[in-house]
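Notes follow the structure.
Here, residue 1 is the first one in the sequence, and each next residue gets the next number. Just follow the structure's listing: the first ligand is 1, and inside any ligand the first atom is 1.
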Amino acid sequence: MKRSININALTRPIIQTMQAYRSARLEFVESDREMILLDANENPFDTGLNRYPDPMQTKLKERLGIVKHVDPSNIFLGNGSDELISLMMVAFCEPKKDEVLLVPPTFGMYQVSANLNGVDTVEVPLIADFQLNVPEILARATDHTKLVFIPTPNNPTGNRFPMKDLKAIVEGFPGLVVIDEAYAEFSPGETAIDWLEDYHNVVVLQTFSKAQGLAGARVGMAFAHSEIITVLNKIKAPYNLNVLSQQAVFDRLDNADAVANEVQLMLKEKQVLVSEMQKLSYVKNIHPSDANFILIQVDDSQFRYNQLIEKGIVVRNPSNQYACENTLRISIGTATQNEALIAAFKTMDQ
Ligand SMILES: Cc1ncc(COP(=O)(O)O)c(C=O)c1O
């Protein structure tokens with residue numbers, strides 16, 4: 001099956017008609033010719049950062065296009081996925097009228113972004129084994145349900161959703177399906193990027209914050225139909241990705257072997273951690289993880305959280321989330337960090 005949709009009709013009317021700001025660096029598209037740049041009121045003395053970044057990140061998108069096997073016109077880059085999530089709401093959701101669908105327990109920023117943008121949320125909780133309730137998601141969606149956000153692997157539960165469930169949603173959902181693959185590198189498999197040609201309602205988010213090791217640089221990627229990318233370009237801040245962050249991404253892409261090696265180390269450490277945690281009497285359940293973190297169920301999560309803090313170890317207590325009572329979410333650290341965690345865990349078992 002294929003699906004093409006009217007992206008213009010999904011876009012908020014105010015955004016369809018608005019004039020985008022044209023930054024100085026957009027008026028003149030850089031070529032290889034040496035030019036005297038007197039167009040942007042910059043300081044002409046070279047500090048390494050005295051020039052604005054390319055607003056369209058043309059070179060970086062060309063490079064990412066090769067890595068991800070997509071055309072650069074299908075890529076949007078932002079200040080972390082957080083910016084992309086917010087821009088999707090600004091572009092497509094009319095405050096107090098439209099809504100987004102969430103599948104709790106889920107990544108917390110979707111709700112925060114919806115609140116900030118005055119957009120209502122509809123929740124269709126996960127069912128047994130933290131799986132998607134596909135029929136309910138499709139049944140609850142109306143013409144005002146402009147977006148559904150699905151992180152896979154999911155945060156905080158750690159599991160990947162079956163591609164067939166995601167496909168069923170993509171085929172039946174009236175709005176845009178945002179598939180957030182922030183942790184994709186930790187369980188290589190099919191990516192929804194491969195669906196972009198056939199399904200124009202798919203938006204895939206990926207990030208440099210997790211496996212790629214650049215959380216401090218704040219670089220998120222959206223892959224989508226070029227008309228969706230055009231809408232996002234229209235509403236973004238002109239220079240939303242700074243020069244240093246773009247350079248950091250180039251450097252990391254040049255070191256793809258190092259990234260792959262780090263991912264392997266983290267996956268190995270995850271196994272060590274799981275087998276050690278299975279021995280602990282107060283760990284009641286270890287949820288299967290396709291990511292670089294593990295969700296465990298314990299006897300008393302606040303008590304165990306506090307014990308770890310006393311020992312100088314910070315984990316996450318997502319117990320206030322749907323179906324996550326008495327859980328802790330633990331990121332996979334280095335071998336040394338994990339040894340410290342395991343040693344701390346063992347002293348807590350007495
Ligand atoms: C599912 C998911 N998406 C997005 C993000 C945020 O990514 P970024 O650092 O690119 O804003 C996170 C961070 O925890 C996440 O868990």
Side-chain angles (χ1 to χ4, degrees), residues 57 60-61 64 68 75-90 100-114 116-117 121 123 126 130 132 147-161 166 169 176-187 189 191-193 202-224 232 236-237 240-242 244-246 248-249 252-253 259 263 266 270 287 289-295 314-318 320-322 324 327-333:
Q57 308 105 15
L60 187 50
K61 284 181 187 166
L64 285 169
K68 301 287 178 184
I75 307 177
F76 179 87
L77 302 176
N79 184 20
S81 307
D82 289 343
E83 185 190 12
L84 311 180
I85 293 161
S86 179
L87 287 181
M88 287 299 297
M89 299 207 193
V90 173
V100 299
L101 197 149
L102 305 181
V103 290
T106 191
F107 177 45
M109 271 310 287
Y110 308 138
Q111 181 70 58
V112 171
S113 223
L116 265 173
N117 288 296
T121 52
E123 297 193 333
L126 299 181
F130 292 134
L132 292 165
L147 307 170
V148 53
F149 285 90
I150 307 178
T152 182
N154 187 34
N155 177 7
T157 61
N159 56 301
R160 239 181 203 267
F161 297 120
L166 296 172
I169 294 167
L176 300 179
V177 180
V178 184
I179 300 181
D180 186 345
E181 298 185 350
Y183 301 95
E185 295 97 324
F186 296 104
S187 54
T191 158
I193 292 179
V202 172
V203 178
V204 182
L205 304 185
Q206 292 189 357
T207 178
F208 274 84
S209 297
K210 307 297 178 185
Q212 302 296 326
L214 292 181
R218 313 300 303 122
V219 183
M221 298 168 272
F223 303 94
L232 296 175
K236 80 183 184 73
N240 63 326
L241 203 57
N242 68 70
L244 294 175
S245 296
Q246 294 193 46
V249 171
R252 213 50 183 152
L253 292 174
V259 176
V263 168
M266 284 183 263
K270 182 163 76 173
H287 293 284
S289 163
D290 298 307
N292 67 330
F293 57 85
I294 310 169
L295 188 74
V314 190
V315 298
R316 190 94 191 231
N317 181 359
N320 59 352
Q321 286 220 48
Y322 177 84
C324 289
T327 60
L328 295 174
R329 194 197 69 191
I330 303 169
S331 307
I332 308 301

message: Please check this pair: side chain of K270 against backbone of S289, looking for a donor-acceptor N/O pair closer than 3.5 Å.
response: yes
- prompt: Just checking, is any N or O donor in the side chain of Q246 or Q57 under 3.5 Å from an acceptor N or O on the other one?
  reply: no
- request: Check the side chains of N242 and R218 for a donor-acceptor pair under 3.5 angstrom, ignoring hydrogens and angles.
  value: no
query: With under 30° as parallel and over 60° as perpendicular, where do the rings of F149 and Y110 fit, or are they tilted in between?
result: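 Answer is parallel, since the angle falls under 30°.
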query: More than 12 non-hydrogen atoms from neighbouring residues, nucleotides or ligands closer than 6.0 Å to CZ on R316, yes or no?
result: no
Quick check for students: name every N or O atom pair between ligand 1 and the protein closer than 3.5 Å, with distances.
unit_1	atom_1	unit_2	atom_2	d
ligand 1	3 (N)	D180	OD1	3.4
ligand 1	3 (N)	D180	OD2	2.6
ligand 1	9 (O)	S209	OG	2.6
ligand 1	9 (O)	R218	NH1	2.8
ligand 1	9 (O)	R218	NH2	3.4
ligand 1	10 (O)	S81	N	2.7
ligand 1	10 (O)	S81	OG	3.0
ligand 1	10 (O)	T207	OG1	2.6
ligand 1	10 (O)	S209	OG	3.4
ligand 1	11 (O)	S81	N	3.0
ligand 1	11 (O)	D82	N	3.1
ligand 1	11 (O)	D82	OD1	3.4
ligand 1	11 (O)	R218	NH2	2.8
ligand 1	14 (O)	Y183	OH	3.3
ligand 1	14 (O)	K210	NZ	2.8
ligand 1	16 (O)	N155	ND2	2.7
ligand 1	16 (O)	Y183	OH	2.7

message: Which residue in the set E185, Q206, R252 passes side-chain hydrogen bond (donor to acceptor under 3.5 Å, both in side chains) when paired with Q212?
response: E185
